Amino acid sequence: MLHRRHRSSLFLLELILVIFFFSLASAVCIQLFVKAHVIGQDTEDLNHAIPLAESAAEAFHSVEGDLERLTELFPKGHVNEEGDSFQIFYDGDWNPVEGGEWVYTLAIVPADSAAETAATGRSLKPENSLARATVKVSGEEDVIYELAAAVQIPRAVPQL
């Protein structure tokens, strides 16, 4: 009888160790699945953000840096109150929305001439007609994709 009790306690200890091992393995697997889901979502967001940013940069180039004219190309976009950036808001399925619930933002922010002067040591003169902007696609917390855009604005030749 003493021998029988010893065998059952050994079996119980072995069972506890197996349950502990499987719970530890399942916790690691769950963490891997969650991380894979997050990476997949980030990749999906990046796959949507890159073409949108490239399209916005091309639009900035086609309107020669005029933010007001961007509303002709992007009817659901708008210039903010300060007039220093153009924004389009998107829902969770990357469809443009006007007001309401939005998840993603595309912003075209022209480069500040004061920042340009401080960075390069040269002032942006009217003769230098290069319009620069940064195109940013942002999620709820962070920037998904950022792209620099520049366009050479043709100078008018004075008539003699």
Side-chain angles (χ1 to χ4, degrees), residues 21-160:
F21 173 74
F22 281 118
S23 64
L24 186 66
S26 65
V28 169
C29 287
I30 288 173
Q31 286 180 350
L32 288 174
F33 281 124
V34 168
K35 189 160 187 101
H37 176 72
V38 169
I39 289 172
Q41 184 64 43
D42 289 347
T43 302
E44 185 178 336
D45 289 345
L46 189 61
N47 285 338
H48 286 285
I50 290 173
L52 288 174
E54 289 174 347
S55 175
E58 288 294 327
F60 179 77
H61 187 271
S62 70
V63 297
E64 298 177 344
D66 185 7
L67 295 180
E68 292 294 330
R69 288 180 41 208
L70 282 171
T71 56
E72 299 167 8
L73 300 173
F74 299 105
K76 295 201 177 182
H78 67 279
V79 178
N80 67 352
E81 294 85 25
E82 293 83 23
D84 60 353
S85 72
F86 179 81
Q87 296 176 334
I88 305 171
F89 298 108
Y90 295 93
D91 63 7
D93 295 326
W94 292 93
N95 299 314
V97 293
E98 295 181 47
E101 295 293 319
W102 53 271
V103 178
Y104 305 104
T105 306
L106 181 139
I108 301 173
V109 182
D112 185 19
S113 59
E116 180 79 15
T117 302
T120 63
R122 294 175 289 160
S123 65
L124 191 63
K125 297 178 183 173
E127 298 89 32
N128 184 7
S129 54
L130 185 66
R132 297 176 191 239
T134 302
V135 180
K136 291 182 184 179
V137 180
S138 305
E140 294 173 334
E141 292 111 21
D142 56 347
V143 175
I144 298 171
Y145 188 70
E146 189 171 330
L147 180 67
V151 59
Q152 181 72 37
I153 302 170
R155 290 186 282 166
V157 177
Q159 297 292 328
L160 295 177

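Since this is a predicted model, take the numbers as computed values, not measurements. Below, each value reflects all heavy atoms present in this structure, side chains not excepted, and no hydrogens, waters or symmetry copies.
One distance of note links CG of Leu52 with CG of Leu147; it measures 11.5 Å at 0.5 Å rounding. For the atom pair OG (Ser138) and CD (Gln87), the distance works out to 9.5 Å, reported to the nearest 0.5 Å. The distance from atom CD of Gln152 to atom NE2 of His61, rounded to the nearest 0.5 Å, is 9.0 Å. Distance check, rounded to the nearest 0.5 Å: CG of Leu67 to CZ of Phe60 gives 6.5 Å. Note that the CZ atom of Arg69 and the CD atom of Glu64 stand 6.0 Å from one another [nearest 0.5 Å]. Remark: Phe86 CZ to Leu73 CG distance equals 8.0 Å, nearest 0.5 Å.
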Q.
Let's go through Tyr90 and Trp102 carefully: what are the C-alpha distance in whole Å and the side-chain angles of both, what is the deciding distance for ring-ring contact (aromatic ring centres under 6.0 Å, His included) to 0.1 Å, and is it a yes or a no?
A. CA-CA 5 Å; Tyr90 295 93; Trp102 53 271; over 10 Å; no
Q) Would Val79 and Glu68 count as a side-chain contact (heavy atoms from CB on, under 4.5 Å) if you check the C-alpha gap in whole Å, the side-chain angles of each, and the deciding distance to 0.1 Å? A) CA-CA 7 Å; Val79 178; Glu68 292 294 330; 3.8 Å; yes
Q: Under the side-chain contact (heavy atoms from CB on, under 4.5 Å) rule, what do Leu130 and Arg132 come out as? Steps first, then yes or no, please.
A: CA-CA 6 Å; Leu130 185 66; Arg132 297 176 191 239; 3.3 Å; yes
Q: In sequence, state the C-alpha distance, the side-chain angles, and the governing distance for Tyr104 and Phe89, and then conclude on side-chain contact (heavy atoms from CB on, under 4.5 Å).
A: CA-CA 6 Å; Tyr104 305 104; Phe89 298 108; over 6 Å; no
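For the side chain to side chain contact (heavy atoms under 4.5 Å, CB included) with Thr43, the qualifying choice from Asp45, Leu46, Ile39 is Ile39, the only one to do so.
Contact between Ala131 and Gly65 at its shortest, heavy atoms only, is CB-CA, 4.4 Å. The nearest pair of heavy atoms linking Val135 to Ala149 is CG2-CB, 4.5 Å. In this structure, Phe74 and Ala56 approach most closely via the heavy-atom pair CZ-CA, 4.1 Å. Nearest heavy-atom pair, Pro110 versus Asp84, reported as atom, atom and distance to 0.1 Å: CD-O, 3.1 Å. Summarising the geometry of Thr71 relative to His78, their closest heavy-atom pair is CG2-CA, 4.3 Å, with the distance given to 0.1 Å. Between Ala53 and Val137, the shortest heavy-atom distance links the atoms CB-CG2, 4.0 Å.
Residues Val109 and Lys136 are not in side-chain contact: their nearest non-hydrogen atoms beyond the backbone lie 4.5 Å or more apart. Between Ile30 and Val28 there is no side-chain heavy-atom pair separated by less than 4.5 Å. Between Thr134 and Glu146, some side-chain heavy-atom pair lies under the 4.5 Å cut-off.
Distance alone, capped at 3.5 Å, places no donor-acceptor pair between the Asp93 side chain and the Asn95 backbone.
The aromatic ring centroids of His48 and Tyr145 lie 6.0 Å or more from each other.
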